[in-house]
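Right, one structure below, let's go through it.
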2 protein chains.
Amino acid sequence: MYTIGQISEMFNLPISTLRYYDKQGFFPGMKRTSGIRKFGDEEIETLKVIECLKKSGLELKDIRQFIDWCARGPATYPERKALFERQREQVEGKIARMHKVLDMLKFKCWYYEQALADGGEEKIKAMIPEGLPGEIRAAYQSAHQE
Amino acid sequence: MYTIGQISEMFNLPISTLRYYDKQGFFPGMKRTSGIRKFGDEEIETLKVIECLKKSGLELKDIRQFIDWCARGPATYPERKALFERQREQVEGKIARMHKVLDMLKFKCWYYEQALADGGEEKIKAMIPEGLPGEIRAAYQSAHQE
DNA sequence: TCTTGACCTAAAGTCAGGTTTAGGATTTAT
DNA sequence: ATAAATCCTAAACCTGACTTTAGGTCAAGA
């Protein structure tokens with residue numbers, strides 16, 4: 001069993017955030033001794049899931065909904081499964097979009113490297129898109145499609 | 001030249017957002033005819049860069065800083081280059097973290113599929129982590145390390 | 001015993017990034 | 001020429017996710 005301060009260090013989250021999560025109902029079974037919160041294995045796993053679902057783009061109220069499903073037992077397995085499948089798709093899409101962002105950034109890195117070497121942008125601008133070197137052209141086109 | 005409504009459709013952004021960006025100084029050279037905004041190629045490229053930098057995790061005030069650098073000419077090439085290199089690293093890190101999130105989600109998808117098949121979680125919980133099938137064990141361990 | 005550090009609550013405050021509202025002006029189609 | 005759609009501004013409002021404040025309780029070491 002851990003105190004709020006230990007969990008704060010463990011997860012690198014402010015104490016105020018942990019209290020806020022508790023107030024929002026994320027730790028329904030948490031024990032206390034004379035008012036002081038005791039975080040156990042269950043709460044630690046919950047925090048891992050909160051972090052995961054947050055990073056997947058879910059809002060706290062929807063994470064709260066998941067916590068409620070957990071408390072309602074096996075009858076909600078289908079909802080929980082569907083949630084994770086949905087978030088999995090979301091994250092797969094997100095990663096794909098991030099690769100496009102990365103292509104734009106790669107192009108811009110090259111662009112300013114050239115601009116710095118040439119002392120201006122005119123020469124580069126005239127190269128877009130046909131005259132760009134192969135790898136850069138691919139990044140440019142990936143970033144500018146649609 | 002395009003009206004705000006056309007740009008709104010083109011980028012799938014609310015008109016109010018475009019006006020908000022304008023008010024924040026993102027289109028310093030934008031023309032108007034009798035008060036009505038005219039978006040040109042420059043503004044379109046700016047919007048693409050805003051979208052890219054936003055998705056890379058940059059705040060609007062830092063994107064605004066970049067716009068100001070652009071207006072100050074070639075003297076700021078080093079700052080602009082450094083910005084894109086920094087954001088490129090950020091996004092590479094972000095993608096790596098998203099793969100870990102994805103591993104957690106894959107594990108949870110499998111978990112609830114099993115729970116649904118078994119009618120309970122006891123059997124699965126007893127398998128963690130040694131008894132898990134290879135691919136699932138890898139995802140579990142990737143998601144639970146540190 | 002006393003004091004210091006870690007814990008507690010409720011309620012108000014903060015911040016980013018917009019969105020809505022209210023009241024007009026302009027442009028386009030009929 | 002008039003009606004409908006689209007544009008404008010300033011200012012107030014909103015949302016999510018915390019954080020800070022103010023005032024107090026608890027536990028462990030000197």
Side-chain angles (χ1 to χ4, degrees), chain A residues 1-40 43-44 46-68 87 90 94 97 101, chain B residues 1-40 43-44 46-68 87 90 94 97 101:
Chain A
M1 292 288 197
Y2 303 89
T3 66
I4 200 166
Q6 292 171 313
I7 296 290
S8 165
E9 295 232 311
M10 196 179 294
F11 282 87
N12 222 349
L13 285 173
I15 288 177
S16 60
T17 301
L18 293 168
R19 292 210 262 248
Y20 170 71
Y21 287 168
D22 185 24
K23 205 174 185 180
Q24 301 307 303
F26 288 101
F27 310 116
M30 192 159 57
K31 297 280 175 292
R32 293 190 179 221
T33 57
S34 58
I36 290 171
R37 292 174 183 86
K38 295 292 166 189
F39 289 75
E43 285 72 36
I44 288 176
T46 298
L47 274 169
K48 284 181 185 161
V49 175
I50 291 174
E51 300 262 87
C52 168
L53 289 176
K54 262 187 42 174
K55 285 180 191 156
S56 84
L58 214 62
E59 294 183 7
L60 290 190
K61 70 171 186 317
D62 297 315
I63 299 177
R64 171 63 205 270
Q65 159 90 282
F66 168 73
I67 300 288
D68 293 348
Q87 290 318 109
Q90 293 291 311
K94 216 166 187 149
R97 284 191 300 279
V101 168
Chain B
M1 291 287 195
Y2 304 88
T3 67
I4 201 167
Q6 292 171 313
I7 296 290
S8 165
E9 295 232 310
M10 197 178 292
F11 283 87
N12 223 350
L13 286 172
I15 289 176
S16 61
T17 301
L18 294 168
R19 292 209 261 249
Y20 172 72
Y21 286 170
D22 186 23
K23 206 173 185 181
Q24 302 306 305
F26 288 101
F27 310 115
M30 192 160 56
K31 299 280 176 291
R32 292 189 181 222
T33 57
S34 58
I36 289 170
R37 294 174 182 86
K38 296 292 165 187
F39 290 75
E43 285 72 35
I44 289 176
T46 298
L47 274 170
K48 283 180 185 160
V49 175
I50 292 174
E51 299 263 87
C52 168
L53 289 176
K54 263 187 41 175
K55 285 179 191 157
S56 83
L58 213 62
E59 293 185 9
L60 290 190
K61 70 172 186 316
D62 298 316
I63 299 178
R64 171 62 206 270
Q65 161 89 281
F66 168 73
I67 299 286
D68 293 348
Q87 290 318 109
Q90 292 292 310
K94 215 166 188 152
R97 285 192 298 281
V101 169

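In what follows, chains carry the letters A, B, and so on, assigned in the order in which the sequence lines appear, proteins first and then strands, with residues in each chain numbered from 1. Everything numeric in this text was worked out from a predicted model, so none of it was measured.
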Measure from CG on B:D22 to C1' on D:dA10 and round the result to the nearest Å. 14 Å

Chi angles and distances behind the side-chain contact (heavy atoms from CB on, under 4.5 Å) call for A:T17, A:F11: CA-CA 11 Å; A:T17 301; A:F11 282 87; over 6 Å; no

Base, sugar-phosphate alone, or nothing: which one does B:R37 contact when heavy atoms must sit under 4.0 Å apart? sugar-phosphate

Take a 6.0 Å sphere around NZ of B:K31 and say whether it holds more than 12 heavy atoms from other residues, nucleotides or ligands. no

Assess whether side-chain contact (heavy atoms from CB on, under 4.5 Å) is satisfied between A:L18 and A:L47, documenting all intermediate values. CA-CA 9 Å; A:L18 293 168; A:L47 274 169; 3.9 Å; yes

Can you tell which of C:dG17, C:dT9, C:dT27 lies closest to the side chain of B:Y20? C:dG17

Classify the nucleic acid contact of B:S34 as base, sugar-phosphate or nothing, counting any heavy atom under 4.0 Å across all strands shown. sugar-phosphate

Distance check needed: D:dT9 P versus B:L18 CG, whole Å only. 12 Å

Upstream residue (5' side of DNA chain C) when A:G35 and B:L60 are each assigned their closest nucleotide: A:G35

Rounded to whole Å, how long is the line connecting atom CD1 of A:I15 with atom C1' of C:dC8? 11 Å

Rounded to whole Å, the CE-C1' distance (B:M1 to D:dC7) equals 17 Å

Give B:K54 one of three labels, base, sugar-phosphate or nothing, depending on what nucleic acid heavy atoms sit under 4.0 Å from its own. sugar-phosphate

Counting side-chain heavy atoms from C-beta on, which of D:dG16, D:dC8, C:dC8 comes nearest to A:K61? D:dG16

Is there a donor-acceptor pair closer than 3.5 Å between any side-chain N or O of A:E43 and the backbone N or O of A:G40? yes

In whole angstrom, what separates B:D62's CG from C:dA16's P? 10 Å

Is any side-chain N or O of A:T3 closer than 4.0 Å to OP1 or OP2 of C:dC7? yes

Interatomic distance, A:Q24 CD vs D:dA17 C1' [rounded to whole Å]: 9 Å

Counting just side-chain N and O atoms, does A:R19 come under 4.0 Å of either OP1 or OP2 of D:dA17? no

